[in-house]
Amino acid sequence: MQQLPVEIWEDILSGLSVKDLLRFKSVCKNLNSIISSQHFINLHLKKSISISSSRSRIFMPRDDEAFRTVEYSRDLQGGGGDHIDFQTLPRPKEAIGNFVGTCDGLVCYLDTTTMRICVSNPSLRVSKTLDLNVDTRFCPTLLFCWFGRESSDDEYKVVLGIRSYDGKSNCPKYHTHLIKPFSDNRSSWKSTREVDGRLELIWYFGEGILLHGIVHWISYDRVMHADHYVVFTYDLCLESVGEISMPVGLHIWHGVIGVIDGCLSAICNVYRGDSAIYEVWTMKEYGVKESWTKLMNLSGRCDDLISSSWHLRLVGVTDDGDLILSCIPKHRLLIFKVAEKKFEILTSNGHWFARMFVESLVFP
C-alpha cells in the first residue's frame, strides 16, 4: 500500500463498483481514507459517467420493496448479442410518494401527504429527509418536479411546482419551490415564489428535463385545447418561469421531451391523414421555434412491438445514438435502433418513469 503513490491507487480504485469499494474500505485505514475523500468520490463519479456512455444503466422507480435497474450494452463484435443485466437496489422506507428524479446515483422522492423530501443513495443504503414546511391543510397538489445538479454552482437542487389553497377563498395559488437539500446555509436552503395564474391554464407536467441551466416540462394547454402542447420552463439561476413553443403545424395526440445531441428534442405522436405515427423533432437553435427540425420517424404500424396508440417517453440515448424508450400502457422498456430502424424489447417489466442511472459514492 505504501509503495504506490496515492494517485495510482485512486486511478485503480476509481474503476471499481460501489459494492467493491465498500468492501475495500474495511481492508485498511489508508484505503478507507482514500475512498472516503471528496476528491475520490468526485473522481469515481466522473469515471462512472464516462463508462455509462458505452454501458447504459436504467433505473426503474417501481413501487416494490427494492429498486430495480437494467444495464444494457451493445455487442460491437456482432457475435454474442446485446448484453442485458438486471439488478436490485435497496429502497429506504422514507422513499415514498412521488418519484422526483435521479442524478449521480442519488434518488429523490416527495411524500405529498407529509410534504417531506427524501434523497437517498441506494447503493450506500443512506438517505436524508427534509420537511418543506408546506401547510398540508390547504390541499397541496404537485404539478411538476425535477431533481438534479446544475453546473453553474455544482449544487444539487429540487424544483417543485405546487398548487394549494389559502384557506380564505376557493381560488388556488401556485408556487415554485427551489430546494437545495445539501446546503449548509439553513437560511437559504429553500426559495419559494408565487407564480401567476398561467399555471392554471396548463395541464400535464411530471418530471423535468435540464438543458442550459433551465428545467423543461411538456404540458397541455387547456385554453388552446386541440392538439396544443407547450414547453413550460424554469430558470434555475433567475428563478423565473417561461414557455417555449412546440413544432408549428403538428396535430399532436401526445408528446414528450428530452435531450438528443445537446438539443431540446420532442417525440410526438402525430396525426398524418388518418394514421398516428411517432416523429422525433429537435430544436437546432435553442428558444427559436422556427428551428424545430424533424429528425426521423419511429415506425410502429408495421411492428408488433409497438402500437401507435401507445405513449412513448425518451429515457436516454446510447453512445451509438440509439433511443431508449419507456411506454404505456404495456410498461415495456424499449430500444429503437436508428441504423436498423427497428424496435427491440429490453424488458417487458419496465416503468414509465425509467431514467438513466449511475452508481456513485455521493453521500446525501
Side-chain angles (χ1 to χ4, degrees), residues 16-23 41 44-45 48-49 51-53 55-73 83-114 116-130 142 145-149 156-160 179 181-182 206-210 258 313-318 324-335 345-364:
L16 299 180
S17 68
V18 171
K19 184 177 180 179
D20 288 336
L21 289 172
L22 294 179
R23 285 200 291 256
I41 291 172
H44 180 264
L45 175 62
S48 297
I49 293 174
I51 292 174
S52 69
S53 64
R55 195 169 62 227
S56 302
R57 193 170 192 186
I58 301 107
F59 174 86
M60 293 184 290
R62 301 179 61 82
D63 297 328
D64 300 328
E65 293 183 359
F67 294 130
R68 194 159 174 255
T69 66
V70 180
E71 188 174 281
Y72 166 81
S73 56
H83 178 72
I84 300 174
D85 182 44
F86 298 91
Q87 296 182 15
T88 59
L89 291 171
R91 178 183 187 138
K93 64 179 185 300
E94 300 89 356
I96 56 176
N98 291 73
F99 173 64
V100 178
T102 179
C103 177
D104 296 345
L106 300 174
V107 177
C108 182
Y109 272 79
L110 171 67
D111 183 351
T112 53
T113 302
T114 60
R116 180 179 296 125
I117 283 177
C118 172
V119 179
S120 68
N121 185 328
S123 302
L124 298 181
R125 300 173 183 258
V126 293
S127 60
K128 177 179 182 178
T129 58
L130 280 173
L142 181 67
C145 59
W146 173 81
F147 168 70
R149 176 167 54 90
Y156 292 97
K157 297 174 182 176
V158 178
V159 176
L160 303 174
I179 300 120
F182 303 154
E207 183 193 351
I209 301 296
L210 178 67
R313 179 187 179 91
L314 180 63
V315 176
V317 182
T318 71
I324 298 176
L325 306 152
S326 59
C327 71
I328 54 172
K330 289 294 185 178
H331 295 289
R332 290 173 174 171
L333 193 63
L334 308 168
I335 185 164
I345 297 177
L346 294 183
T347 175
S348 296
N349 191 20
H351 196 281
W352 175 243
F353 289 109
R355 304 301 295 172
M356 303 304 290
F357 183 75
V358 294
E359 282 192 315
S360 80
L361 295 166
V362 176
F363 198 88

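By convention here, the first residue in the shown sequence is residue 1.
Here the side chains of L325 and L314 are in contact, with some heavy-atom distance below 4.5 Å. In this structure, the side chains of M356 and I324 come closer than 4.5 Å at one or more pairs of heavy atoms. Between M60 and F357, every side-chain heavy-atom pair lies at or beyond the 4.5 Å cut-off. N98 is not listed as a side-chain neighbour of C145, based on a closest heavy-atom distance of 4.5 Å or more. Between F147 and V119 there is a side-chain heavy-atom pair separated by less than 4.5 Å.
For the salt bridge (Lys or Arg N to Asp or Glu O under 4.0 Å) test, residues two or more places apart in sequence or in another chain that qualify with R149 are D104, D154. Remark: R68 pairs with no residue by the salt bridge (Lys or Arg N to Asp or Glu O under 4.0 Å) rule, at least two apart or across chains. The side-chain contact (heavy atoms from CB on, under 4.5 Å) check on I41 picks up Q38, L361, V362, with sequence neighbours excluded.
By the 4.0 Å N-to-carboxylate-O rule, E359 lies too far from K19 to be salt-bridged with it.
Of all the heavy atoms in V18 and H44, the pair that sits closest is CG2-CE1, 3.9 Å. Shortest non-hydrogen contact noted between P90 and F67 is O-CD1, 3.7 Å. Here the closest non-hydrogen pair linking V315 and S326 is CG2-N, 3.6 Å.
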Practice task
Apply side chain to side chain donor-acceptor pair (under 3.5 Å) to R116 and T129, showing your working.
Solution key: CA-CA 7 Å; R116 180 179 296 125; T129 58; 4.9 Å; no

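Between the side chain of N121 and the backbone N or O of S123 there is at least one donor-acceptor pair closer than 3.5 Å. Judged purely by atom type and a 3.5 angstrom limit, H351 has no side-chain atom pairing as donor or acceptor with the backbone of F59.
Around atom CZ of R23, more than 12 heavy atoms belonging to other residues, nucleotides or ligands sit under 6.0 Å away.
Geometrically, R91 engages Y109 in a cation-pi contact defined by less than 6.0 Å to the ring centre and at most 45° from the axis.
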